[in-house]
Amino acid sequence: MNRINQKLKENRKLLSIYFSAGYPELNDTAVIIEKLQKNGVDMIEIGLPFSDPLADGPTIQESSTQALKNGMTSDLLFDQLKNIRKTVEIPLIIMGYFNPILQYGVEKFCEKCAEVGIDGLIIPDLPVDVFHDNYEEVFSKHGLINVFLITPQTSEERIRFIDKISKGFIYMVSSASTTGAKNSFGNVQSAYFERIHAMNLSTPQIVGFGISNKDTFEQATTYARGAIIGSAFVKCLTDQGLNGIDSFIDSLR
Amino acid sequence: MNRINQKLKENRKLLSIYFSAGYPELNDTAVIIEKLQKNGVDMIEIGLPFSDPLADGPTIQESSTQALKNGMTSDLLFDQLKNIRKTVEIPLIIMGYFNPILQYGVEKFCEKCAEVGIDGLIIPDLPVDVFHDNYEEVFSKHGLINVFLITPQTSEERIRFIDKISKGFIYMVSSASTTGAKNSFGNVQSAYFERIHAMNLSTPQIVGFGISNKDTFEQATTYARGAIIGSAFVKCLTDQGLNGIDSFIDSLR
Amino acid sequence: GYYGEFGGSFVPEMLYPNMEELQENYLEIMADPDFKKEFQGLLKDYVGRPSPLYLAERLSDKYKAKIYLKREDLNHTGAHKINNTIGQILVAKRLGKKRIIAETGAGQHGVATATVCALAGLDCTVYMGEIDIARQAPNVARMKMLGARVVPATSGSKTLKDATNEAIRAWINNPVDTHYIIGSVVGFHPYPDMVARFQSVISEEMKWQLKEHEGTENPNYVIACVGGGSNAAGAFYHYLDDENVKLVAVEAAGKGVNSGESAATSILGKIGIIHGSKTILMQTADGQIVEPYSISAGLDYPGVGPQHAHLFQTRRAEFLNATDDEAMEAGLELSKLEGIIPAIETAHALAVLSKISFKPDDIVVINLSGRGDKDLNTYIKYFNLA
Amino acid sequence: GYYGEFGGSFVPEMLYPNMEELQENYLEIMADPDFKKEFQGLLKDYVGRPSPLYLAERLSDKYKAKIYLKREDLNHTGAHKINNTIGQILVAKRLGKKRIIAETGAGQHGVATATVCALAGLDCTVYMGEIDIARQAPNVARMKMLGARVVPATSGSKTLKDATNEAIRAWINNPVDTHYIIGSVVGFHPYPDMVARFQSVISEEMKWQLKEHEGTENPNYVIACVGGGSNAAGAFYHYLDDENVKLVAVEAAGKGVNSGESAATSILGKIGIIHGSKTILMQTADGQIVEPYSISAGLDYPGVGPQHAHLFQTRRAEFLNATDDEAMEAGLELSKLEGIIPAIETAHALAVLSKISFKPDDIVVINLSGRGDKDLNTYIKYFNLA
């Protein structure tokens, strides 16, 4: 069974952390992953940097840009991850835009993911139907789960369809926004969280976008199985480097 | 008999000098006139300064502008000239653009001219036909001769007409140009001078524009009764002030 | 050559042959079917005529009348000026001229002249005040791109009036193979008439366009700004004889009519002669021509076309004015309400909308004589937009 | 949504509802008689269409063919961009949108968008690279005059690509009452198709205008510059199915195709995804998007519209290119021969006249997509005209 599905069975709210591979320093990738596992993080989204990250706010954009400047590439990422499964047990997901993956070759990219022990992919600009029509098979062949997003604007019909074809979890975008930390959620989010909860989906949901601290983590996971923290963690890396990781994760629990 | 007609009877080539009233200094007008007579000049064109002297080149433009800055006005000119006939015998002509005269009132302007002893007017932008239709009578009434211009482009028919209505001399513009000194005349001018000569006009011609020295004076007066020097004299005033007058006139004879 | 007591040909004898040649030929040339065909063809395919007559709905809502804008701003080179220069270059070619001279203030007429000279392959020299050259750099560059020589006028106040003087002097110095393209309905006969005829296409189109839109050829008001007055002359032309159409000419009041810095010629001027024409003119008691002031470089001419002087004197047209401030606000208003940035000249015409009491079904046509791209620096500074 | 293998809708899920709303409604809205009437009315009375088809005689003499210029430079705001923004603002109104966002490079599309927002009374925000804001100050001022907010894009290379990213991000952050007016035939479906349909008026007019001039609707060549490709899309539209009409797309070669400073996407690009569309794209081996270079701010887009990618791949269109130097010389040549100063983008299309062997009776139409006033500073510097 895929590590993601296994993790989703655990009886607690899951904490997932996103960071950009190759940031702050080119070879920090594996170190950060190991530190996150050590601190009890449940799942990790490894960002594959892209020059034009449309769905991201300034914090993650800047970390991507810096990672590219540092020399990050798809090949190098796979190289950095080649021994990661010797030390890391938790699910690892690569989150990246479609063009670098397309250039790498989707099938070859999936092969490499499987080879180094990646469990799933999140590709924000690969539409559900394009994936469904063209790439589902190759993902399955390599044991990779593709994670789809829903937003407050996603129609019920579409949510049902996504629920049907999802094999791991649904990435529930907290609000109409690009990535970036917020300090709290309001009534709009609560209503949205409740509405989705009431739909009784068969796929577990993990909330992302706008979660930055214990409060927002708890709000986001009132109904959902877990939540993803991205920008707030990247900002911590920017400000404090790898030394800030322990206390950042500690503050969330 | 008008002093101009009297002068035209003299048996020699007439030297006429133009300068802008009120230049270089506001009250130089009468002094310059007296000095010119003393040096044997035959006739004087007193320029009434105008803000927009269309037919003049840079030298006379600048002297007009300076004269206006000095405070020159039509009234002041008549005031400067009120005793001129106590000392000066030679013909005096006012040369000016039509608008200041129109604002003064053409009739009143003529009255004042007669009063101070002006013999004629040259108004480059008062067309022959407008003068002929509207102002001939008032000029005659005050004993003023209006001087018309012809140029190398003036048609024979028109020259004949101008000859017919002229009462003093015809101002023969030497070439297609605004005022301004030249060093010599070429074949084009000679042909033009000869052509006019051959027309056997009844009105004497005095040549103006481009005469600056003894050579050009002599060329201009091969056939004509005389010539007018303007820009070259004004330039002399600019460079040497009133002290340059004697030697300037001397150099021409 | 006269409009009532105004107009005429007060030119130095040196220009008499040129004037006579023009006077004797312009009507015949313009009546020639070949000329008409070439002129109409260029107006259509090169200039982009007809210029639209646009019902400005948001402006109409605000001023409670049906306000149409005659879109001369959409002409090639961005103003009505090109109608005249196209016409004159064709006249010049038929007169066998090889060189063209012109004066320009803000540079619009200079650009329009340089444009038609490029088109016709004729040599072009544009006289422009030294001060205007410095402050209208983009239009100077346009003229040079088009192959024209731009000669600074360094006399007098070094602006439009002096550029005109220099152009006339240049013509005196080269009378034979040169044609002088005057940019407005000013100067000696036949210029005011010739330029008005070339610009009359504006009201000619207005008539059939209004007929299409409103079922009537005649608006209640035609409003146009007046410097020399060529755009107004064109917009009024075919309505002159119809007293039901109110003609409104708008002059630049600068910092206020009585501020000493103004270009409201009809109020401040007296009858006089400028550039060969008897008209109303800003001058001293002694007949020296006064340099006017306006924030708009195209309206700071000390005179007004002789026909406008006549329309003013006979009260056939109502002469209003707008200050710098009023014009700038009107320009900004049109930009924000209709998405059209007008030339500051044109903005003066817009500025009187608030000064006239319209009836709700009044049809008003404003001649939108030019676009404001050339004035961006002035707008930017004035409204602190940078 | 596809042209061969190109096109599609590679958008983040956050934009799915907006994309779906547009995809489901745009054809129906555009087919509605009320929409058509309003769109046609504005194109005529506000934009100034039809734009003339002008036989450039001196240019024709030089290049030994019958060369026509389709005068999009005479449109309101000075380029073809307004055809599309007029169309999209009417779509946005019918979708009940209250706010408009747009990206812009040189500022022409930003100005065209700010213009239609003023006209429609809708709130307008334009994203523009921080570097472009500094070097295109006049267009920034125009947008502000028109009441738009101009927001600097500070990410990436701070030019057009990044402004587009910022606009998309802004839309993600305000998906409900906002419409994004893309300025070219790029982005996800339905944008390339919708923009091409709005621009297709160019070739629609060309057909009847050529019929009038030449007795045939079809030229031998249609030539247009391509950045994103909207003017070319409009000029090619009604000729796509007629193989006798040669379509020539001209890309910017910058300092030379292989100089490392170029925007010749068809030669230098590979298939990839940019701004939601699969197309040909300048990118690294690793799929990172490369910043292109051209002296013309409107051609330095790293991709090309998906339809153009298809036309390139199928060889239906011939893709040529022109360097900075070639384009600048061609711009100056048109100015001096025809009195028309073209946008530097457009000058690239003119620059290939010397690279094609025409037959003397070939009919050639060049889409004169925009006027060069916005480029005067560049021309001045390049030719040292100041």
Side-chain angles (χ1 to χ4, degrees), chain B residues 48-58 61-62 64-65 67-68 71-77 96-105 109 122-131 134 147-155 157-159 162 170-173 175-180 209, chain C residues 1-2 5 7-21 24 153-158 161-178 187-189 269-279 281-291 302-303:
Chain B
L48 176 67
F50 182 48
S51 54
D52 294 77
L54 283 183
D56 288 298
Q61 280 177 52
E62 281 158 27
S64 290
T65 303
L68 290 173
M72 202 63 215
T73 65
S74 303
D75 266 332
L76 187 57
L77 176 59
Y97 290 82
F98 190 44
N99 196 53
I101 297 169
L102 190 66
Q103 293 313 309
Y104 201 89
F109 195 90
I122 305 173
I123 309 170
D125 61 341
L126 176 61
V128 176
D129 55 335
V130 176
F131 171 78
N134 300 285
V147 176
F148 305 114
L149 281 60
I150 64 170
T151 80
Q153 275 70 50
T154 309
S155 68
E157 184 191 352
R158 188 167 171 82
I159 293 173
I162 286 170
I170 289 175
Y171 192 131
M172 194 173 147
V173 174
S175 57
S177 71
T178 47
T179 57
F209 287 44
Chain C
Y2 279 87
E5 67 173 303
S9 308
F10 296 82
V11 298
E13 185 63 30
M14 298 76 123
L15 286 180
Y16 188 89
N18 302 50
M19 181 194 78
E20 193 180 31
E21 182 184 30
E24 285 176 359
T154 58
S155 61
S157 56
K158 303 173 187 179
K161 166 175 77 69
D162 311 287
T164 308
N165 292 345
E166 286 307 324
I168 292 176
R169 288 187 187 112
W171 207 13
I172 289 175
N173 283 295
N174 284 287
V176 179
D177 64 349
T178 301
F188 48 85
H189 180 67
K270 286 179 301 179
I271 295 172
I273 288 161
I274 182 170
H275 299 138
S277 175
K278 186 182 273 190
T279 185
L281 168 63
M282 288 169 65
Q283 52 187 316
T284 65
D286 211 43
Q288 307 298 340
I289 296 172
V290 162
E291 189 63 27

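So you know, we letter chains A, B, ... as the sequences are listed, proteins then strands, and number each from 1.
Heavy-atom distances place the side chain of C/Val176, and not its backbone, under 4.5 Å from chain B. Only the side chain of B/Gln61 comes within contact range of chain C, judged by heavy atoms closer than 4.5 Å. B/Phe131 does not touch chain C: none of its heavy atoms, backbone or side chain, sits under 4.5 Å away. Neither the backbone nor the side chain of B/Thr65 comes within less than 4.5 Å of any heavy atom of chain C. When heavy atoms are compared at a cutoff of 4.5 Å, B/Asp129 does not approach chain C at all. Looking at C/Phe10, both its backbone and its side chain come within 4.5 Å of chain B, counting heavy atoms on both sides. Within the 4.5 angstrom heavy-atom criterion, atoms from both the backbone and the side chain of B/Phe50 approach chain C. For a residue to count as touching a neighbouring chain, one of its non-hydrogen atoms must lie under 4.5 Å from one of that chain's; by this rule C/Ala285 touches chain B with the backbone only. No part of C/Glu20 comes within reach of chain B, as not one of its non-hydrogen atoms sits under 4.5 angstrom from that chain. With a 4.5 Å cut-off on non-hydrogen atoms, B/Pro49 touches chain C through its backbone but not through its side chain. Heavy atoms of B/Leu102 lying under 4.5 Å from chain C belong exclusively to its side chain. Using a 4.5 Å cut-off between heavy atoms, B/Ile123 does not touch chain C at all. No part of C/Glu291 comes within reach of chain B, as not one of its non-hydrogen atoms sits under 4.5 angstrom from that chain. With a threshold of 4.5 angstrom between heavy atoms, B/Ser74 approaches chain C through its backbone and through its side chain.
Judged by distance alone, the side chain of B/Arg158 and the main-chain N or O of B/Ile150 form no donor-acceptor pair under 3.5 Å. Of the possible polar contacts, one joining the C/Asp162 side chain to the C/Ser157 backbone as a donor-acceptor pair under 3.5 Å is found. Judged purely by atom type and a 3.5 angstrom limit, C/Asn18 uses its side chain to pair as donor or acceptor with the backbone of C/Pro175. In this structure a side-chain-to-backbone donor-acceptor pair under 3.5 Å is present from C/Thr284 to C/Asp286. Judged by distance alone, with hydrogens and angles left aside, the side-chain atoms of C/Gln283 form a donor-acceptor pair with the main-chain N or O of C/Ile271 at under 3.5 Å. When atom types are taken as modelled, the side chain of C/Asn173 and the backbone of B/Thr178 share a donor-acceptor pair closer than 3.5 angstrom.
C/Leu281 CG to C/His275 NE2: the interatomic distance, rounded to the nearest 0.5 Å, is 9.5 Å. For the atom pair OG1 of C/Thr279 and NZ of C/Lys270, the computed distance is 14.0 Å after rounding to the nearest 0.5 Å. Here the CD-CD distance, from B/Gln153 to C/Glu21, works out to 11.0 Å after rounding to the nearest 0.5 Å.
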Determine whether B/Leu48 and B/Phe109 satisfy the following criterion, side-chain contact (heavy atoms from CB on, under 4.5 Å), listing intermediate values before the conclusion. CA-CA 12 Å; B/Leu48 176 67; B/Phe109 195 90; 3.9 Å; yes
With side-chain contact (heavy atoms from CB on, under 4.5 Å) as the test, would you mind laying out the steps for C/Met14 and B/Phe209 before giving the verdict? CA-CA 12 Å; C/Met14 298 76 123; B/Phe209 287 44; 3.4 Å; yes
Under the side-chain contact (heavy atoms from CB on, under 4.5 Å) criterion, do C/Ile274 and B/Asp52 qualify, and how do the steps go? CA-CA 9 Å; C/Ile274 182 170; B/Asp52 294 77; 5.9 Å; no
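Your options are B/Asn99, B/Thr151, B/Asp75, and the one with the most heavy-atom pairs under 4.5 Å with chain C is B/Asn99. Top candidate by heavy-atom pairs under 4.5 Å with chain C, chosen from B/Pro124, B/Ser155, B/Ser64, B/Gly57, is B/Pro124. Among the candidates B/Leu126, B/Thr154, B/Leu149, the residue making the largest number of heavy-atom pairs closer than 4.5 Å to chain C is B/Leu149. Taking chain B as the reference chain and counting heavy-atom pairs below 4.5 Å, the highest number among C/Trp171, C/Tyr16, C/Phe188 is found for C/Tyr16. Counting heavy-atom pairs closer than 4.5 Å to chain C, the top residue among B/Asp56, B/Val128, B/Ile162, B/Ile101 is B/Asp56.
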